[in-house]
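What follows is a short report on a single structure.
The figures that follow rest on heavy atoms only: side chains count, while hydrogens, waters and symmetry mates do not.
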Amino acid sequence: MRRRSLILAAVPAGLVTLAACGDNKSSSSKASASPSPSPSPSVSTPPPPKIVDGPLPAITAGTKFGEKPTVAKGPGEPSKNLAVKTVIAGAGRTVAENDFIQANYLGQIWDTGKVFDNSYDRKRPLVMQLAQGSIIDGWRYGLAGRKTGSRVLMAVPPTWGYGTSGNAQAGIKGTDTLVFVIDLIESFNSKSSAKGKEVAQSDAALPKVATNTDGGVPKVTVPKTNPPKKLVSTYVLEGDGPELKADQTVLCQFQGLVWDSGKTFERTYGSGRLSEFALEQMQQAVKGLAQGLTGKKVGSRVLIVVPPELGYGNTPPSGGVIKKGATLVFTVDILAAM
């Protein structure tokens, strides 16, 4: 089983995350293979911290952006406030609360210098929303306003970390201040789109998908013909990122339509939300969608046509526009994966 990050706050298990972006209200369900350690649910939400410059330990090796860092033990007593410093200034997009971020990180305990978690060894950056309830508050407050391409060093007191209960799984006591080095790779919000190269749509038997990249809804024109009998997965915009693997979680914009009626049954484009789901769990809901995304490149817009036997078959969701035996049409903008 793939090891989960230890910096996540506990959220309800769910199949598809529909998370608000770009405002101060957020709901987020994270598809999870194992429990996510978190502050005790009995602890009330702390007030926003005062952000100070230090003290902070030195990064003694791996000092370049993207390199796994080595960090010294904390110098003396840590601050009771949230200490944050940008040690490498990026020139990318400014991160806002409720954005999703893609980042590599290392976390260790101030007093001992013991590393309790890092993404560099896993070679899979974290993808997570900077939203209350989705991630520890130290990250939520400390990363807002920083630019992508930056390396951020922070020291998080228990109040904005795991609280007085700590995190036994990670060896974190309720009195431990935590030190993080965070490389902010990219950020995403509800206006994010795929940015790949346009691919010719020459098959008249398939739906045509618009190529706008403004975060708006790409128009889908379904032909007045019978749908294909087999799964179709093809690029509309082809990105240059890594190919999705079957055990990954994907962050995306998407919409789903019914072939026969052209009616939309779900979408995130233009809704103020993004979707985040595990391909392994999507296999249990809409197998064709998971299969159609596997192997496709991050940064792409993909058209997926799902025949009934790989969709909902004869047991569609009740009360909706999907009927028995429906062929489904999806467009998916693959923004990031972990």
Determine whether a donor-acceptor pair (N or O, by modelled atom type, separation under 3.5 Å) exists between the side chain of Q253 and the backbone of S275. no
Got L178 and F116 here, is their nearest side-chain heavy-atom distance under 4.5 Å? yes
Contacts under 3.5 angstrom, residues 218-232 side chains, donor-acceptor by atom type, not counting sequence neighbours:
none

Under 3.5 Å donor-acceptor, K195 side chain and T213 backbone: yes
Look at the side chain of Q281 and the backbone N and O of A278, then say whether any donor-acceptor pair between them is shorter than 3.5 Å. no
Joint cluster assignment, V156 & Y105, ILVMFWY side-chain distance < 4.5 Å: yes
Taking the side chain as C-beta and beyond, is there a heavy-atom pair between D247 and E280 under 4.5 Å? yes
Heavy atoms, side chains only, cut-off 4.5 Å: are S190 and Y269 in contact? no
Polar side-chain atom of R140 near backbone of I136 as donor-acceptor pair, under 3.5 Å: no
N/O donor-acceptor pair under 3.5 Å between R273 side chain and R267 backbone: yes
Hydrophobic cluster membership, V152 vs W110, 4.5 Å side-chain cutoff: no
May I have the step-by-step check of side chain to side chain donor-acceptor pair (under 3.5 Å) for T331 and Q255, ending in yes or no? CA-CA 6 Å; T331 69; Q255 64 181 327; 3.1 Å; yes
Output yes when a side-chain donor or acceptor of Q201 lies under 3.5 Å from a complementary backbone atom of V236, and no otherwise. no
Are the aromatic rings of F265 and F330 close, with centres under 6.0 Å apart? yes
If only atom types and distance count, is the side chain of N167 paired as donor or acceptor with the main-chain N or O of A170 below 3.5 Å? yes
Report the C-alpha separation of Q132 and T45 in whole Å, then their side-chain angles, then the decisive distance to 0.1 Å, and conclude whether the side chain to side chain donor-acceptor pair (under 3.5 Å) test is met. CA-CA 9 Å; Q132 184 177 351; T45 302; 3.1 Å; yes
Determine whether the aromatic ring centres of F180 and W139 lie less than 6.0 Å apart. yes
Tabulate below the donor-acceptor pairs under 3.5 Å that side-chain atoms of residues 60-70 make, not counting sequence neighbours, or state none.
unit_1 : atom_1 : unit_2 : atom_2 : d
T60    : OG1    : T70    : O      : 3.3
E67    : OE1    : T63    : N      : 3.4
E67    : OE1    : K64    : N      : 3.2
K68    : NZ     : D121   : OD1    : 3.1
K68    : NZ     : D121   : OD2    : 3.0

After noting the C-alpha distance and the side-chain angles of K50 and V52, does the key distance pass the side chain to side chain contact (heavy atoms under 4.5 Å, CB included) rule? CA-CA 6 Å; K50 179 181 179 181; V52 296; 4.2 Å; yes
Looking only at heavy atoms, what is the nearest atom pair of A89 and S150, with distance? C-OG, 3.7 Å
Which atom pairs, donor and acceptor, lie under 3.5 Å between side-chain atoms of residues 73-80 and protein residues at least two apart or in another chain?
unit_1 : atom_1 : unit_2 : atom_2 : d
S79    : OG     : N81    : N      : 2.9

For residues 286-310, tabulate all N or O donor-acceptor pairs below 3.5 Å that involve a side-chain atom, not counting sequence neighbours.
unit_1 : atom_1 : unit_2 : atom_2 : d
T294   : OG1    : A290   : O      : 2.8
K296   : NZ     : S233   : OG     : 3.2
K297   : NZ     : E238   : OE2    : 2.9
S300   : OG     : G239   : N      : 2.7
S300   : OG     : K297   : O      : 2.8
R301   : NE     : D333   : OD1    : 2.6
R301   : NE     : D333   : OD2    : 3.4
R301   : NH1    : A210   : O      : 2.8
R301   : NH1    : N212   : O      : 3.0
R301   : NH2    : N212   : O      : 2.7
R301   : NH2    : D333   : OD2    : 2.9

Please determine whether residues L328 and L279 belong to a single hydrophobic cluster, defined as Ile, Leu, Val, Met, Phe, Trp and Tyr linked transitively by side-chain heavy-atom distances below 4.5 Å. yes
Mark yes or no for whether T264, through its side chain, and E266, through its backbone, hold a donor-acceptor pair below 3.5 Å. no
Enumerate the side chain to side chain donor-acceptor pair (under 3.5 Å) contacts for residues 83-95, please, sequence neighbours excluded, ordered by first and then second residue. T86-R146, R93-D99, R93-S187, T94-K147
Got a sec, which residues hit side-chain contact (heavy atoms from CB on, under 4.5 Å) with K173, two or more places apart in sequence or on another chain? T175, D176
